Amino acid sequence: MMGDQQGGRVGSAGIASVLRYLLAEVHPEDRAPYTMAEVATGAGVSESTLKAIKTGRGNPTFATLESLAEFFQVPAEVWVNPADPAAVIAGHRLEQAKVAAGVVSIALRADGLDAEGMDYVRRSIDQARRAQGLGPAKTGLDLRN
């Protein structure tokens with residue numbers, strides 16, 4: 001599926017290295033690392049496939065790697081980025097935090113506005129989304145109260 005990349009970490013050995021890192025380091029703070037059975041069940045792959053990947057003998061599909069990345073809540077690029085997996089994950093989480101901080105910043109600035117002011121902010125955001133070619137915001141909430 002993926003060939004070796006000169007100077008990089010792509011290939012079965014690199015993928016195995018990333019999986020070993022994820023198994024050892026990426027888990028909730030209040031618990032021990034995930035077991036192979038938990039990862040296999042959570043990612044929808046067999047334990048034998050997981051063990052083959054971990055030892056560098058597997059040839060995982062991109063769908064399998066995506067499922068594993070989703071289970072560990074890390075970007076799929078962690079499998080092919082030649083940077084240290086911790087750095088890739090930290091960079092991704094920093095970007096997520098920046099986005100979240102921007103959303104929080106907007107919410108804090110809207111605090112205290114009356115219904116008319118909130119409606120103006122909502123319309124302004126909708127207009128900005130349209131200008132950038134984005135669809136309607138997916139809130140699932142009625143924020144008019």
Side-chain angles (χ1 to χ4, degrees), residues 1-113 117-143:
M1 182 197 89
M2 295 181 197
D4 287 329
Q5 178 181 348
Q6 189 174 359
R9 193 178 21 78
V10 177
S12 58
I15 289 171
S17 174
V18 171
L19 181 57
R20 287 191 299 273
Y21 171 82
L22 295 175
L23 286 165
E25 302 296 332
V26 180
H27 54 84
E29 290 182 22
D30 60 346
R31 62 156 289 160
Y34 294 110
T35 65
M36 294 285 277
E38 288 174 316
V39 176
T41 299
V45 300
S46 70
E47 274 191 73
S48 60
T49 295
L50 199 55
K51 288 177 185 175
I53 297 168
K54 182 181 175 186
T55 59
R57 292 180 285 120
N59 185 19
T61 64
F62 188 69
T64 296
L65 296 177
E66 282 183 315
S67 294
L68 288 167
E70 187 175 314
F71 174 82
F72 285 107
Q73 298 180 349
V74 299
E77 79 172 274
V78 73
W79 302 111
V80 296
N81 190 319
D84 179 61
V88 174
I89 294 166
H92 177 72
R93 291 188 175 150
L94 178 60
E95 288 304 313
Q96 288 178 318
K98 286 179 182 178
V99 168
V103 171
V104 169
S105 173
I106 291 168
L108 290 173
R109 288 179 176 154
D111 186 42
L113 294 177
M118 288 299 288
D119 193 49
Y120 179 80
V121 169
R122 201 179 304 72
R123 285 191 320 269
S124 296
I125 291 172
D126 289 345
Q127 182 178 0
R129 291 182 63 82
R130 281 190 302 275
Q132 292 187 11
L134 301 172
K138 299 173 189 154
T139 65
L141 302 171
D142 182 0
L143 300 176

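Here the structure is a predicted model, which means the values were calculated and not measured.
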Enter the distance from Leu23:CG to Met36:CE here, rounded to the nearest 0.5 Å.
6.0 Å
Are the side chains of Pro28 and Tyr34 in touch, meaning some heavy atoms are under 4.5 Å apart?
yes
For Glu66, is the CD atom crowded, meaning more than 12 foreign heavy atoms sit under 6.0 Å from it?
yes
Test side-chain contact (heavy atoms from CB on, under 4.5 Å) applied to Leu22 and Val39, step by step
CA-CA 10 Å; Leu22 295 175; Val39 176; over 6 Å; no
Which atoms form the tightest heavy-atom contact between Ala24 and Pro33, and what is the distance?
O-CG, 3.7 Å
Is there a donor-acceptor contact under 3.5 Å from the side chain of Arg129 to the main chain of Gly135?
yes
Output for pair (Glu25 CD, His27 NE2), nearest 0.5 Å, gives 6.5 Å
Output for pair (Leu134 CG, Asp126 CG), nearest 0.5 Å, gives 11.0 Å
Are the side chains of Leu50 and Leu68 in touch, meaning some heavy atoms are under 4.5 Å apart?
yes
Show, in sequence, the C-alpha distance, side-chain angles and deciding distance for Arg123 and Asp119, and conclude whether the salt bridge (charged side-chain N to carboxylate O under 4.0 Å, His left out) test is met.
CA-CA 6 Å; Arg123 285 191 320 269; Asp119 193 49; 2.5 Å; yes
Any side-chain heavy-atom pair of Tyr21 and Val26 under 4.5 Å
yes
Thr64 side chain to Pro60 backbone, donor-acceptor under 3.5 Å:
no
Carboxylate-amine/guanidinium contact Arg31 Glu38, below 4.0 Å
yes
Check whether any side-chain heavy atom of Phe71 sits under 4.5 Å from a side-chain heavy atom of Ser67, and report yes or no.
no
Distance from Thr49 atom OG1 to Arg57 atom CZ, nearest 0.5 Å?
11.0 Å
For the atom pair CZ (Arg122) and CD (Gln127), what is the distance rounded to the nearest 0.5 Å?
15.0 Å
Heavy atoms, side chains only, cut-off 4.5 Å: are Asn59 and Ser12 in contact?
no
Sub-4.5 Å side-chain heavy-atom contact between Ile15 and Val80:
no
Side-chain donor/acceptor of Ser105 to backbone N/O of Ala101, under 3.5 Å
no
Check: Val78 and Leu65 side chains under 4.5 Å, non-hydrogen atoms
no
On a heavy-atom basis, which atom in Ala69 and which in Ala76 lie closest, and how many Å separate them?
CB-CA, 3.8 Å
Side-chain (Trp79) to main-chain (Val18) donor-acceptor, under 3.5 angstrom:
no
Heavy-atom side-chain contact between Glu77 and His92 under 4.5 Å:
no
